[in-house]
Amino acid sequence: MIDAMGKALQEKMTGYQEEMLFHFKELLKIDSVRGERRPGAPFGPGNRKALDYVLDLSRRFGLETVNLDYFIGYSEYGQGRDYICSAAHLDVVPPGDGWSHPPFGAQERDGVIYARGAGDDKPGVIAGLYALRCMKELGYQPRRRIRVIYGCAEETGMEDMDHYLETQPLPVFGFTPDSDGYDIVNAEKGRMEVALEGPLPGGGPVVSVTGGLASNMVPAAAAAVFDTGRMTAQERRRLEDALAAPSLSWTAEGENLTVNFEGISAHAAMPETGRNAISMYARFACRVLGERADPLTRFIDGHIGFDWTVPGLGIACRDEHMGSLTMNLGLVETDGGRIRVVGDIRYPTVTNAQAIEERMKEKTDAEGLGFQVLSAVDGHCCASEEEFAILRDVCLDKGKPEPVCRAIAGGTYAKKFQGRLVAFGGCGGAVHAPDEFVAVSDFFDHAHMVCYALYRLGGGKEVGTA
């Protein structure tokens with residue numbers, strides 16, 4: 001049952017709905033895709049602008065506000081040696097094509113807001129900030145300090161959180177409001193970002209290949225330019241047959257033929273919900289060129305293809321609770337006679353980054369290909385039963401179904417906190433896809449849930465006073 005302070009917080013948050021929605025939309029209008037590093041902007045100027053916006057609001061609300069070198073920032077309220085936290089992120093994945101609304105327009109239509117970041121994860125940022133504001137204005141005195149962390153590189157390696165943990169102690173417990181509901185996500189697969197590279201034979205039919213937007217997005221598009229004048233008569237006949245396949249289009253300019261491959265975008269944590277345009281290119285090129293396709297393209301088609309569990313790489317594994325290891329090829333490019341792909345591997349705790357790296361290195365060395373691990377964070381499991389009980393009460397008090405503990409393939413900040421964090425709560429849809437959205441009513445509901453969870457974890461029901 002919600003106590004007096006819990007009800008007061010709910011009323012206070014409701015009174016700020018119009019203002020909170022305005023600030024949410026203004027934050028969504030900031031293009032916070034990671035950019036080129038600059039002085040005072042380690043993740044690019046757009047990222048810095050988003051962090052500045054939130055920290056300026058925090059100062060206006062009278063909260064303790066800390067900027068850690070523009071890698072990350074936080075707001076804090078309360079006293080005490082220990083702290084609990086919410087950790088949300090300001091950065092977003094690139095918007096890509098296929099939008100029917102401007103990706104940074106924050107347009108509202110029929111009670112729904114469309115923008116990149118509308119679900120992942122700007123609602124959690126604004127919800128946590130307003131939760132602290134309301135607690136402060138009501139004079140609530142938590143037993144533990146309550147901190148809301150604003151990250152800037154969750155989508156691209158989490159160096160922001162590495163920087164945070166260099167100087168900041170671990171929380172007693174916390175959550176990242178970056179999930180798809182209100183179950184308690186206490187276990188996550190590990191994530192490894194890898195690059196594979198090989199030679200593109202000079203004088204061959206392939207002129208260039210490009211595709212994808214980020215390693216953690218199933219690419220919806222790829223394009224390859226072929227010089228048909230360098231093809232044999234047999235290759236040209238196979239080309240004519242291959243061009244009749246669905247989900248591709250082509251244009252010709254002289255002997256240069258540009259073939260466009262149309263896949264389906266999805267989050268790399270759920271590659272089965274998309275269709276990989278890079279794999280489509282590899283299948284097409286190998287069908288047309290056979291052994292004259294470059295070694296990396298043949299490797300992709302032969303060892304990866306469209307099976308996201310990648311049994312052909314020798315790293316396939318499965319856990320009863322976390323499911324299968326998966327791999328997504330997110331980016332491809334050619335440059336200087338080389339072709340390079342960047343992939344995203346999600347793996348259960350029955351394996352680890354070292355084992356995957358060793359096996360991948362064996363496979364690529366055997367094919368004469370380059371292999372590099374760009375980043376890796378092993379999976380985690382949190383077992384804080386006392387706090388889990390509080391989150392269960394939060395859901396029941398708020399009329400939500402009783403949550404269960406579960407594992408996910410997605411990667412959140414939780415895996416950086418040594419078993420102290422879970423993913424809990426989220427809203428919106430079409431995450432990492434065109435027309436990402438959130439219903440205004442769901443945004444407000446999410447804000448109330450985040451506020452009440454922080455209140456309870458801070459000791460609210462035991463010591464809250466009006």
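The structure displayed is predicted, hence computed values, not measured ones.
Side-chain atoms of Val66 and Glu76, non-hydrogen and from C-beta on, never get closer than 4.5 Å to each other. Using a 4.5 Å heavy-atom cutoff, the side chains of Val54 and Tyr74 are not in contact. Between Leu289 and Val206 there is a side-chain heavy-atom pair separated by less than 4.5 Å. Taking 4.5 Å as the limit, some side-chain heavy atom of Met135 sits within range of a side-chain heavy atom of Leu454. Looking at Met20 and Met13, their side chains come closer than 4.5 Å, going by heavy atoms from C-beta outward. A heavy-atom distance below 4.5 Å is found between the side chains of Pro348 and Cys317. Side-chain contact between Pro295 and Leu369 is present, with heavy atoms from C-beta onward closer than 4.5 Å. Residues Val332 and Tyr281 fail the side-chain proximity criterion, which asks for heavy atoms closer than 4.5 Å.
Expressed to the nearest 0.5 Å, how far CG of Leu28 lies from CD of Glu436 amounts to 8.5 Å. Rounded to the nearest 0.5 angstrom, Met161 CE and Gln168 CD are separated by 10.5 Å. A distance of 3.0 Å separates OG in Ser32 from NZ in Lys122, rounded to the nearest 0.5 Å. Here the CZ-CZ distance, from Phe24 to Phe443, works out to 5.0 Å after rounding to the nearest 0.5 Å. Atom-to-atom distance recorded for His101:NE2 and Ile113:CD1 is 12.0 Å, nearest 0.5 angstrom. The distance from the CG atom of Leu63 to the CG atom of Leu57 is 10.0 Å, given to the nearest 0.5 Å.
Nearest heavy-atom pair, Tyr182 versus Gly426, reported as atom, atom and distance to 0.1 Å: OH-O, 3.8 Å. Nearest heavy-atom pair across Asp435 and Ser100 is OD2-OG, 2.6 Å. When all heavy atoms of Gly117 and Val92 are compared, the closest pair comes out as CA-CG1, 3.7 Å. Listed here is the closest heavy atom pair of Ala433 and Ser265: CA-OG, 4.2 Å. Ser179 and Ala423 get closest at one heavy-atom pair: CB-CB, 4.1 Å. Residues Gly263 and Ala277 approach most closely at N-CB, 4.0 Å, considering heavy atoms.
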Should Arg133 and Ser58 be marked as a side chain to side chain contact (heavy atoms under 4.5 Å, CB included) after you check the CA-CA gap, both sets of side-chain angles, and the distance that decides it?
CA-CA 8 Å; Arg133 178 186 189 179; Ser58 176; over 6 Å; no
For Glu188 and Thr412: C-alpha separation, side-chain torsions, deciding distance, then whether side-chain hydrogen bond (donor to acceptor under 3.5 Å, both in side chains) applies.
CA-CA 8 Å; Glu188 295 183 12; Thr412 74; 2.3 Å; yes
Could you please spell out the steps behind the side chain to side chain contact (heavy atoms under 4.5 Å, CB included) verdict for Ile146 and Leu457?
CA-CA 9 Å; Ile146 302 176; Leu457 290 169; over 6 Å; no
Walk me through it: do Tyr347 and Asp378 pass the test side-chain hydrogen bond (donor to acceptor under 3.5 Å, both in side chains)?
CA-CA 8 Å; Tyr347 52 97; Asp378 285 339; 2.6 Å; yes
Side chain to side chain contact (heavy atoms under 4.5 Å, CB included) between Asp160 and His89, intermediate numbers included:
CA-CA 10 Å; Asp160 55 341; His89 65 92; 5.6 Å; no
Take Asp52 and Tyr70 through the test side-chain hydrogen bond (donor to acceptor under 3.5 Å, both in side chains) and record every step on the way to the result.
CA-CA 9 Å; Asp52 272 334; Tyr70 279 103; 2.5 Å; yes
Does the pair Val310 and Ile345 meet the rule for a side chain to side chain contact (heavy atoms under 4.5 Å, CB included), with working shown?
CA-CA 10 Å; Val310 289; Ile345 301 172; over 6 Å; no
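Scored by the side chain to side chain donor-acceptor pair (under 3.5 Å) test, Arg287 finds no partners at all (sequence neighbours excluded).
Within 6.0 Å of NZ in Lys49 there are 12 or fewer heavy atoms belonging to other residues, nucleotides or ligands. Atom CH2 of Trp250 has 12 or fewer heavy atoms from other residues, nucleotides or ligands within 6.0 Å. The environment of Asp241 atom CG is dense: over 12 non-hydrogen atoms of other residues, nucleotides or ligands sit within 6.0 angstrom. By the 6.0 Å contact criterion, CZ on Arg38 is open, its count of non-hydrogen atoms from other residues, nucleotides or ligands being 12 or less. Residue Glu19 places its CD atom among more than 12 non-hydrogen atoms of other residues, nucleotides or ligands, all under 6.0 Å distant.
The main-chain N or O of Asp56 is never found under 3.5 Å from a side-chain atom of Thr65 such that the two would form a donor-acceptor pair. Of the possible polar contacts, one joining the Thr176 side chain to the Ala87 backbone as a donor-acceptor pair under 3.5 Å is found. Of the possible donor and acceptor atoms, one in the side chain of Lys415 sits under 3.5 Å from a partner among the backbone N and O of Lys189. Side-chain N or O atoms of Thr334 include one that pairs as donor or acceptor with a backbone N or O of Val209 at under 3.5 Å. Using a distance-only test at 3.5 Å, with no hydrogens or angles considered, no donor-acceptor pair links the side chain of Arg191 to the main chain of Gly411. Side chain of Arg230 to backbone of Gly204: a donor-acceptor contact under 3.5 angstrom is found. Panel note: side chain Asp31, backbone Gly46; no donor-acceptor pair is recorded below 3.5 Å. Using modelled atom types, no side-chain atom of Arg48 and backbone atom of Ala41 make a donor-acceptor pair closer than 3.5 Å. Under a 3.5 Å cut-off, the side chain of Asn328 and the backbone N or O of Pro271 do not form any donor-acceptor pair. Looking only at distances, no side-chain donor or acceptor of Asn186 sits under 3.5 Å from a matching main-chain atom of Cys381.
Stacking of Arg283 on the aromatic ring of Phe306 is not recorded, the 6.0 Å distance cut-off and the 45° axial limit not both being met.
Between Arg34 and Glu159 a salt bridge is recorded (basic side-chain N to carboxylate O distance below 4.0 Å). Using a 4.0 Å cut-off between charged nitrogen and carboxylate oxygen, Asp180 and Arg406 count as a salt-bridge pair.
Between Tyr130 and Phe61, the distance from one ring center to the other falls under 6.0 angstrom. Taking the ring centroids of Tyr164 and Tyr413, they lie at or beyond the 6.0 Å cut-off.
A side-chain N or O of Ser75 and one of Tyr150 form a donor-acceptor pair less than 3.5 Å apart.
Test Leu68, Leu51, Ile72 against Cys152 for side-chain contact (heavy atoms from CB on, under 4.5 Å) and you get one pass: Leu51. Put simply, the residue from Asp121, Val93, Val33 that forms a side-chain contact (heavy atoms from CB on, under 4.5 Å) with Glu155 is Val93.
Classification of the Phe424-Phe175 ring pair by plane angle, with boundaries at 30° and 60°, yields perpendicular. A perpendicular orientation is assigned to the rings of Phe43 and Phe71, their planes being inclined by more than 60° (bins at 30° and 60°).
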